[in-house]
Amino acid sequence: MSKIKLIENHSEIGAGTRGASLGVDAIKIASINASSEFFANFPSEKVPTENDILFKRRKPSFAKNIKEISKVFEYLSHSLKNTFNNGFFPIVLAGDHSSAAGTIAGIKATFPNKRLGVIWVDAHADLHSPYTTPSGNVHGMPLAISLGEDNLDRKSNEVKGATLEGWENLKNFAGISPKINYEDIVFFGVRDTEDQEDYLIKKHHLKCFSVTDVRTKGIETAVNEANEYLENCDLIYISFDVDSMDCNYVSHGTGTPVPVGFSEYEATKLLLNLLKNEKVCCFEVTEVNPTLDEKCNVMAETAFRILEKSAAILEKKKSPFTRNGQAV
Ligand SMILES: [Mn+2]
């Protein structure tokens, strides 16, 4: 049985709009209003943030707040390492999605010799680098950070000075780069990409299950195919960006809402099936932004229902943990 620990990363400095740091608290309010004891049932740890830097005006950059994001990676990966070493299964509740690269760094820092698969449930590919980004927001870069990908073939920005230094630092964080391979990534629901990302998706034959693919094949078949595809990985990390869900049917309470996504039912069924895989070692829920929610707190309420059901599945599952490369 897996022992779950909640890791709260309230950082929002990788996002372009403000408010994702309130996402975790909005999920907690949803839990209280649902009369659930979820947050009383699991140990939790809040990692420090650098969100106070947002009180100052930010300089334009091709990787905004990158220096502070690397500090957040340090806090998060340290906390993950402790969590794994104490035999817990970490569920990361994150503000913005740049967190995922810190999570991946924490997993690799703990299990440097394990091959890590990544299941990315998101409307976006998050494959930008400072060289290609149209926004400079690092929450569009976590997979490129983990892959050590600059995408110089599609370079449009001149990256230098502190930004370049910060980028090199993020890619090489924890002394391992790349931390993951293209062939070990599976996308679910990705539907809002830029040309520069499409180039990488094509070049590396990235495994993608669109919303339509999932509906046509059926969720169980798609999950079986994904698990088969990641057969050679030792561990799997599942990253759930709530914008993978359809903003018109669920809520716009997320930084970059996109229509034509999964319904709550589909996202729930998809994640519960994915989480059953014994190799899954970490689950992350991210990008709830209650300040953008036109339906009050519906995005957080939806995320909470999914989180509660996910934790129930994880608790029943055999522990995937190994300590120092050895089975615990
Ligand atoms: Mn994302």
Side-chain angles (χ1 to χ4, degrees), residues 9-21 23-24 27 63-66 69 72-73 76 91-105 118-130 132-147 149 151 170 179-180 182 185-194 196-198 200-201 206-211 237-247 250-262 267 270-271 274 282-290 292-293 299-300 302-303 306-307:
N9 175 14
H10 295 246
S11 177
E12 69 157 77
I13 57 177
T17 39
R18 303 280 58 86
S21 60
V24 181
I27 292 173
K64 292 172 196 158
N65 310 321
I66 195 160
I69 287 170
V72 174
F73 280 18
L76 178 58
I91 296 183
V92 182
L93 303 175
D96 80 69
H97 214 173
S98 64
S99 171
T103 302
I104 289 171
V118 174
I119 297 180
W120 202 256
V121 185
D122 197 327
H124 307 94
D126 295 348
L127 278 169
H128 273 295
S129 79
T132 67
T133 176
S135 69
N137 299 325
V138 178
H139 73 161
M141 308 180 189
L143 280 176
I145 293 169
S146 308
L147 287 158
E149 177 63 77
N151 198 8
L170 284 195
K179 294 175 182 65
I180 54 172
Y182 278 99
I185 301 173
V186 175
F187 280 163
F188 277 98
V190 172
R191 60 193 181 281
D192 185 20
T193 53
E194 269 92 38
Q196 303 95 321
E197 295 176 301
D198 292 336
L200 292 174
I201 291 170
L206 250 149
K207 186 74 175 168
C208 304
F209 293 93
S210 68
V211 175
Y237 157 64
I238 300 180
S239 213
F240 173 49
D241 186 325
V242 296
D243 70 24
S244 57
M245 294 187 289
D246 193 310
C247 62
V250 177
S251 153
H252 284 73
T254 183
T256 45
V258 185
V260 207
F262 294 123
L270 174 66
L271 288 165
L274 289 169
C282 181
F283 177 48
E284 183 152 357
V285 179
T286 186
E287 293 284 356
V288 172
N289 185 336
L292 303 171
D293 200 321
M299 186 59 101
T302 309
I306 294 174
L307 173 65

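Since this is a predicted model, take the numbers as computed values, not measurements. Each ligand, and each atom within it, is numbered from 1 in the order the structure gives.
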Close side-chain approach of Val250 to Met299, heavy-atom, < 4.5 Å: yes
Please report how many protein N/O/S atoms lie under 2.8 Å from the Mn ion (ligand 1). 4
Who pairs with Phe209 by ring-ring contact (aromatic ring centres under 6.0 Å, His included), at least two apart in sequence or on another chain? Phe188
Across all chains, not counting sequence neighbours, the ring-ring contact (aromatic ring centres under 6.0 Å, His included) partners of Phe283 are none
With His97, which residues qualify under ring-ring contact (aromatic ring centres under 6.0 Å, His included), at least two apart? Trp120
Kindly indicate whether the side chain of Ile180, heavy atoms from C-beta on, has any atom under 4.5 Å from the side chain of Leu143. yes
Tell me the closest heavy-atom pair linking Val190 and Ala125, and the distance in Å. CG1-N, 3.9 Å
